[in-house]
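Below is one structure, written out as structure tokens; comments come after it.
One-based numbering, in listed order, for ligands and for the atoms of each. Only a predicted model underlies this, so the values are computations on that prediction, with no experimental measurement involved.
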Amino acid sequence: MSESVFTVSGMTCGHCVSSVTEEISQLDGVQNVAVELDSGKVTVTSAQPVAEDDVRAAVTEAGYTLVAS
Ligand code: 9UX
């Protein structure tokens with residue numbers, strides 16, 4: 001099990017959180033996605049570490065921005 005932490009900007013409400021959570025949840029091997037609205041902190045739990053590019057694509061698809069880490 002692996003935990004990867006990212007920061008997403010642009011989320012302003014609970015629906016934003018749901019959109020980001022749903023998109024990242026669709027990535028291969030993802031078991032849990034925890035999104036904090038206020039901080040933009042996103043913790044992804046997965047069997048293998050997720051690729052940042054895949055997370056960026058999912059966040060972009062949802063309409064938000066992955067902050068460079
Ligand atoms: Mo409502 Mo959250 O547009 O973007 S879903 S603020």
Report, one line per pair, each donor and acceptor closer than 3.5 Å where one atom sits in a side chain of residues 36-48; sequence neighbours left out.
| from | atom 1 | to | atom 2 | distance (Å) |
| --- | --- | --- | --- | --- |
| Glu36 | OE1 | Ser39 | OG | 2.7 |
| Ser39 | OG | Lys41 | N | 3.1 |
| Ser46 | OG | Gln48 | O | 2.6 |

For Glu52, what residues pass the salt bridge (Lys or Arg N to Asp or Glu O under 4.0 Å) criterion, not counting sequence neighbours? Arg56

Looking at every heavy atom in both Ala62 and Ser19, which two are closest together, and how far apart are they? CB-O, 3.9 Å

Tabulating one pair per line, provide the atom names and distances (0.1 Å) for every N/O atom of ligand 1 that is less than 3.5 Å from a protein N/O atom.
| from | atom 1 | to | atom 2 | distance (Å) |
| --- | --- | --- | --- | --- |
| ligand 1 | 4 (O) | Tyr64 | OH | 3.3 |

Please examine the side chains of Thr60 and Leu66, heavy atoms only from C-beta on, and report whether any two atoms are closer than 4.5 Å. no

Qualifying residues under side chain to side chain contact (heavy atoms under 4.5 Å, CB included), relative to Thr21, sequence neighbours excluded: Val17, Ser25, Val33, Val35

Could you give me the CA-CA distance, side-chain angles and deciding distance for Phe6 and Ile24, then say whether side chain to side chain contact (heavy atoms under 4.5 Å, CB included) is met? CA-CA 11 Å; Phe6 302 93; Ile24 295 176; over 6 Å; no

